[in-house]
Each structure stands twice: as C-alpha cells, then as structure tokens.
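Have a look at the structure below, then the notes.
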Amino acid sequence: MTQKLFLYNSYTREKEEFKPITPGHVGLYVCGPTVSGESHLGHARPYITFDVVNRYLQHLGYKVRYVRNITDAGHFEEEGREAEDKVAAKAQLERMEPMELVHKYTNLFHWGMRLFNNLDPSIEPTATGHIIEQIDMIRKIMDKGYAYEVNGSVYFDVKKYAAGYPYGKLSGRILEDLMETTRELDGQEEKKNKVDFALWKSAPPEHIMRWNSPWGEGFPGWHIECSAMSRKYLGETFDIHGGGMDLQFPHHESEIAQSTIAHDHAPVNYWMHNNMITINGKKMGKSYNNVIKLTELFSGNHPILEQPYHPMVVRFYILQTHYRSTLDFSNEALQASEKAFRRLWEAHELLQKLERNGDADATDKELDAKVVAFCKELDDFMNDDFNTAKVIANLFELVPVINSIKAGHISAAAISADTFGMMKIAFKTYVEDILGMQGLQMQQDSGKLDRVLSLLIEIRKDAKVRKDFATSDQIRNKLAEAGVMLKDEKDGTVTYTIE
RNA sequence: GGUCGCGUAGCCGAGUGGCUAGGCACAGGUCUGCAAAACCUGCUACAGCGGUUCGAAUCCGCUCGCGACCUCCA
C-alpha cells in the first residue's frame, strides 16, 4: 500500500485519493443481479469492472471483503407471476415456484461469472435471506420518524429527509423538479408525496413471495435490501459501493437516505459507477428489447451475432475501455477484440517461456529504458481510477519486443536481466492477476488429440522434406477447415492452436 | 420539459492546455517452398462556429447531432 490510489467518486464528482476506514482493509459492496431472468451482456460490465477493482485492491495488499448481493425478492413480473395470473389448471402444473425460478437464474448467473473468470465475492447475500434485517432497519427508520405506514405498506418520507440532508446529491437531482414530474406509479395515492419510496409493500393476495411483518404480510422494497445487507456485513459506514450508472437514481440515492436515517451518518465513502453498454448507440436493456444474453453471446445464437464470442474476448473488450465511458457493441468491435486478445495472450505465454542468459547488462540501453518505463507506468494507470484501457495499451507496446526476441530480430540481452525479469512479472501480474485473463482453450483434453495432431505434424514434416508440398498443404488446409491452425515456427517446430 | 453526459482518423476506443495512446482494418516491405504468424514502414483525427491563450482536440460561449437518468433497469 505504498502507492496512492485515486478513484472517481460519483458522490463528489471528483477523483479522490482512496483512504480506507480500517488500514489494510477494504469493504466493497456491489449491487448484484435481480435473478428473475437471464443475465445479458450489459450485466457483464459491472461485474467485470468491479472484479478488476477487487483484484487490484488485493494486488495493492488490501484485504478486501467483497459483498455482492443477489436480489431474489420483490418486484418480479415475469414467468412465475404471469402463470399465476393466467391460472389454467395445466399452467398451474407447469408453473415454476418463485424460488425455483430464482435458483435457475442464480445458477446461470454464476455460470457466466465463472466463464468470465470473475473472482467470487467474499459474501453473496440474498434478499430473501435477510428479511429480518430489512424489517429491523425499517423499524429504526420509523422510530426516527422518517417513514410512515399506509395500508400495510411503509414509505420513506423523502420530503422530510430532504429538509435536513442533501437528498439528490449523488444523482444530481433536485427535489422540487422531482415533485413536478408526473408519473403514474403503483400505490401513488397512498404516499404523502410522490417522491416517497417503499420500504415495505403490502402483498396483494395473488403475490406468492410474502413474509410476515409488523405491518402485515408483504415484501421488502427494492432499495432496503442493499442497505440492510451492506450494513450487516460491512458496517454502518464502509469504503466503496459500486454499481451501474443507471442505479444512481433512485436506487443508490434511496440507499443513502435510508442508511443515513437508520445509522445517523452516510453509509459510503466512495461511490463508483460504471457506464452502460450500448448497442447502436442505445443502452442495452430489457425495456429497449435489445439485449444479448450471455448464453447467446457465447453460442453465437442471436440474429445480430455473426459468430460466438468467447467470454475472455468479451472481458478483454470491456476492459479495453475505461469503465466510466459508454461501450458500443458491434460484431466488428468484438472481432477486433478477439484478434487483439489472441495476440496479447500469445505474447504473454511466449514471454513466460522465454529465458534470458548471458551478461546481465542491457546491450540496447534505449530499448531497456523504454521497457522499464512501460512496465512502471502500469501501476500509475491503475492508480488513476483503474484505467485498464491504458494498461492494455502499454502491454501492447511490449508485445513487439517479446515477439522480436522470440523471432531473433533482437537479442534478449538487448534489455537487462533485471528488465527482462520485470517485464515477465509485469505480464504475469497484469494479464492474469489484475485483468483476470486466461487462455482461450478451456477444454484441456489435449492428451489424445495432441497425439493425433503430433502424428499429422510428423507426416507433414516428412512430406515437406521430400518437397511434397501438395501433401503438406493438404494436411494444413484440412486441419484448418477443422479449426486447427498449424504454424511453422522459425526454428522448424510446428505449433497448433484450436479455434 | 428538467438534470447530466458525450461527439476523436475506415471501425473500436485512451487522452484532455504544448510531447504522434493502443487495438482492428488497409497499403508497402522483410522472413517463409507457399500460407499464417511475427517484425519494420505508412495511414496523424479530435462535430461546427466564435472566444481566452505565445499555444486548444483539451478551457469558455453558442449552434448542430447523439445518449443516459427523471419508471424496473448493470
């Protein structure tokens, strides 16, 4: 922790030096998914972004408690409920239990996270598992006079809160403006003011997810879960709260209000928000009907996808852009990322295998200095609000150096032994540990396949010695058709990559 | 309508007062039986119009275009 980390705090709208509440420790809370449906490409962004944040904080030596919730209660409107309304006897039989649905999509979410090589959070609490904590918190807020009950529902009194606290600061909202905008919302008539939000909702008879509470059967409001769970696992005030920009209002603004009243002080020191993934310039989202689900992305099974995209390619594509910029989806962009990622990864693997012998001094001082500079800058870039785009750019600056050493265009001795070692460690640390990349071939069934390919490579070699290029080309071309690319290396060996 | 943000080369995207980011594509070259890969070289942009400044893509103003949030949303 000798380095100073600066991050952009959405709350103050400034880059600030990060100072943890407890030295050496970081409490990080990130809004997790609502598991009422399949995760899509848009969801990938925050979880990859904050995975890197988590990884980097650990790299700096912090002990991170990373809490990411699963929202499995409340406002569902999809399959489960629809079946319930339609109610035919047959539908009744086929209908999914809410928990069944939640379980299915939670598993699918985990599957996606694993493929992205996201580290597991330290704690992944569910909203349904913390009903008691939520009720307790609502009680506290009521006791302090900032919430009121109507017909079994409890609402937070925003106007009262705004009179004494900076409501709207996080999202740049002005209470008067909000009061003016007209919206027809559920339960509007019950509220004192339309800006009030629900802490607890009374459940209509057909609502399956319901719990007992001091106010009757119902379910928790959307915002209270994050406040209750972050409080439980990270304390009344914690370091970093992350999430998508679209959650700034009303979700995060409400979290601040609730927690501030319940605990007498603001809950979070640093708010971080990632920007959206767009498609044709429009935000990817359920309401726009333009989502590409993760399952579709990885399989290529979607009308606008020209091909499947590997999770690592998607990860690379996301990290190539700074997290606070929008990122526009296109096949072209993903395909460019795929090529770039392969190039970077191959150079990385190559470098780890390369050795440098002989005199420890550099024969090319200028190059040596450049390499040192590129490596050292990596930390600076991360310390400047997690600029993974710049990190990747610098790694690419080093790729030709690595490849040139391998190809013999330059000697490894051009750079000093120290510099060589530094570069090796920098790649390993950054590519694998911090950016969290891994190779494209996940299925390591190499054994038999490798022997078969080795045989073919041997036959081809013989053919080449006999100058029987028809045979050698046939082997290479047919294998290429099957997705196995052969590469004649400089030193006469042959390597292959499987698509 | 309100609030906020963005407009960078063929495409994707960093940067943000002086120092050609990077990737992909494209063109030429080296290497190679050929190919692929790799390496070298080239392609030098910041929506428009004003202003501030010795100097602006970067600061300020206006105009045009786009988007996000204001409702569930990562």
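Side chains included, hydrogens not; waters and symmetry mates left out as well; all remaining heavy atoms used. The structure presented is a predicted model; accordingly, all values stated were derived computationally and were not measured. Every chain is numbered from 1, with letters handed out A, B, ... down the list of sequences.
- Side-chain rings of A:Phe156 and A:Tyr167 stay apart, their centers remaining 6.0 Å or farther from each other.
- Checked against B:rC12, B:rG23, B:rC70, the side chain of A:Phe249 finds its nearest nucleotide in B:rC70.
- Checked against B:rC24, B:rA68, B:rC70, the side chain of A:Pro250 finds its nearest nucleotide in B:rC70.
- Going from atom CG of A:Asp468 over to atom P of B:rC34 covers 17 Å, rounded to whole Å.
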- Item | Trace of the ring-ring contact (aromatic ring centres under 6.0 Å, His included) decision for A:Phe298 with A:Phe116 | CA-CA 11 Å; A:Phe298 301 159; A:Phe116 280 132; 5.5 Å; yes
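- Applying side-chain contact (heavy atoms from CB on, under 4.5 Å) to A:Met272 and the options A:Tyr11, A:Phe50, A:Tyr8 leaves one that passes, A:Phe50.
- Straight-line distance between the C1' atoms of B:rG23 and B:rC19: roughly 22 Å, to the nearest whole Å.
- Atom C1' of B:rA74 sits at a distance of 27 Å from the matching atom of B:rG65, rounded to the whole Å.
- For B:rG67 and B:rC54, the C1' atoms lie 38 Å apart once the distance is rounded to whole Å.
- Between A:Arg173 atom CZ and B:rU3 atom P there is a gap of 11 Å when expressed in whole angstrom units.
- The phosphate of B:rG67 (OP1 or OP2) has a side-chain N or O of A:Lys282 nearer than 4.0 angstrom.
- Side chain of A:Gln320, nearest nucleotide from B:rG33, B:rA25, B:rG23: B:rG23.
- Closest to the A:Ser472 side chain, of the nucleotides B:rA25, B:rG33, B:rG23, is B:rG33.
- Nucleotides B:rU44 and B:rG22 are separated by 14 Å at their C1' atoms, to the nearest Å.
- Among the atoms of the strands shown, base atoms are found under 4.0 Å from some heavy atom of A:Ala393.
- Proximity of A:Tyr323 to A:Met245: side-chain heavy atoms (C-beta onward) are nowhere separated by under 4.5 Å.
- Stretches of at least 3 consecutive Watson-Crick or G-U wobble pairs, with each checked distance under 3.5 Å, appear in RNA chain B as B:1-7 with B:64-70, B:10-12 with B:22-24, B:26-30 with B:38-42, B:47-51 with B:59-63.
- Taking the six-membered ring for Trp, A:His252 and A:His223 have ring centres at least 6.0 Å apart.
- You'll find that the side chain of A:Asp246 is closest to B:rA74, out of B:rG2, B:rA68, B:rA74.
- Every pair passing salt bridge (charged side-chain N to carboxylate O under 4.0 Å, His left out) that includes a residue from residues 374-384 of chain A is listed here, sequence neighbours excluded: A:Lys15-A:Asp384.
- For A:Asp473 against B:rG33, a side-chain N or O and a base N or O form a donor-acceptor pair under 3.5 Å.
- With rounding to whole Å, A:Asp328 atom CG is found 21 Å from B:rG5 atom P.
- Distance noted for atom P between B:rG28 and B:rC64: 45 Å (whole Å).
- In this structure, A:Leu319 atom CG and B:rC12 atom C1' are separated by 15 Å, rounded to whole Å.
- Across the P atoms, B:rA9 and B:rG5 are found 23 Å apart, a figure rounded to whole Å.
- Where A:Cys31 and A:Thr321 each meet RNA chain B at their nearest nucleotide, the meeting point lying more 5' is that of A:Thr321.
- When each of B:rA68, B:rG23, B:rA25 is scored by its nearest atom to the side-chain atoms of A:Phe396, the top-ranked nucleotide is B:rG23.
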- Task: Give the C-alpha distance, both sets of side-chain angles, the deciding distance and a yes or no for side chain to side chain contact (heavy atoms under 4.5 Å, CB included) between A:Phe238 and A:Ser230.
- Result: CA-CA 8 Å; A:Phe238 57 96; A:Ser230 61; 3.5 Å; yes
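- In this structure, the CD atom of A:Glu253 is 13 Å from the C1' atom of B:rC4, given to the nearest Å.
- Distance CG (A:Asn275) to P (B:rC66): 19 Å, rounded to an integer number of Å.
- Under the side-chain hydrogen bond (donor to acceptor under 3.5 Å, both in side chains) rule, A:Glu338 has a single partner from A:His310, A:Gln307, A:Arg343, which is A:Gln307.
- By the criterion of a centre-to-centre distance under 5.5 Å and near-parallel planes under 30°, the ring of A:Phe469 forms a stack with the base of B:rG33.
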For nucleotides 35-39 of chain B, give me every protein contact, N/O to N/O, under 3.5 Å, one pair per line with atom names.
residue, atom, partner, partner atom, Å
B:rA35, N6, A:Asp488, OD2, 3.4
B:rA35, N3, A:Arg476, NH1, 2.9
B:rA37, O2', A:Lys487, NZ, 3.3
B:rA38, O3', A:Asn403, ND2, 3.0
B:rC39, OP1, A:Asn403, ND2, 3.2
B:rC39, OP2, A:Arg343, NH1, 2.9

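- Distances shown here put a side-chain N or O of A:Ser325 below 4.0 Å from the OP1 or OP2 atom of B:rA14.
- Look at CD on A:Glu338: it is 16 Å from C1' on B:rC11, rounded to the nearest Å.
- The phosphate of B:rC34 has neither OP1 nor OP2 within less than 4.0 Å of any side-chain N or O from A:Lys467.
- For A:Lys464, counting side-chain heavy atoms from C-beta on, the closest listed nucleotide (B:rC12, B:rG33, B:rA14) is B:rG33.
- Picking from B:rA21, B:rC4, B:rG23 the nucleotide with the shortest atom distance to the side chain of A:Glu397 gives B:rA21.
- Using a 4.0 Å heavy-atom distance criterion, A:Ile277 is classed as a base contact.
- A:Gly172 comes within 4.0 angstrom of the backbone, heavy atoms only, and of no base.
- Between A:His302 and A:Tyr309, the ring centre distance reaches or exceeds 6.0 Å.
- When each of A:Phe341 and A:Pro33 is assigned the nucleotide of RNA chain B with its nearest heavy atom, A:Phe341 is the one assigned upstream, toward the 5' end.
- Contact record, A:Glu190 with A:Val150: O-CG2, 3.6 Å, taken as the closest heavy-atom pair.
- Annotation: B:rU16 and B:rA45 have their C1' atoms spaced 15 Å apart (nearest Å).
- Put simply, the side chain of A:Asp72 gets close to the backbone of A:Thr128: a donor and an acceptor are under 3.5 Å apart.
- Each of A:Met437, A:Met382, A:His348 was evaluated against A:Tyr430; a single residue qualifies, A:Met382, per the side-chain contact (heavy atoms from CB on, under 4.5 Å) test.
- Taking the P atom of each, B:rG48 and B:rC34 are spaced 48 Å apart, rounded to whole Å.
- Rounded to whole Å, the distance from NZ on A:Lys406 to P on B:rC40 is 17 Å.
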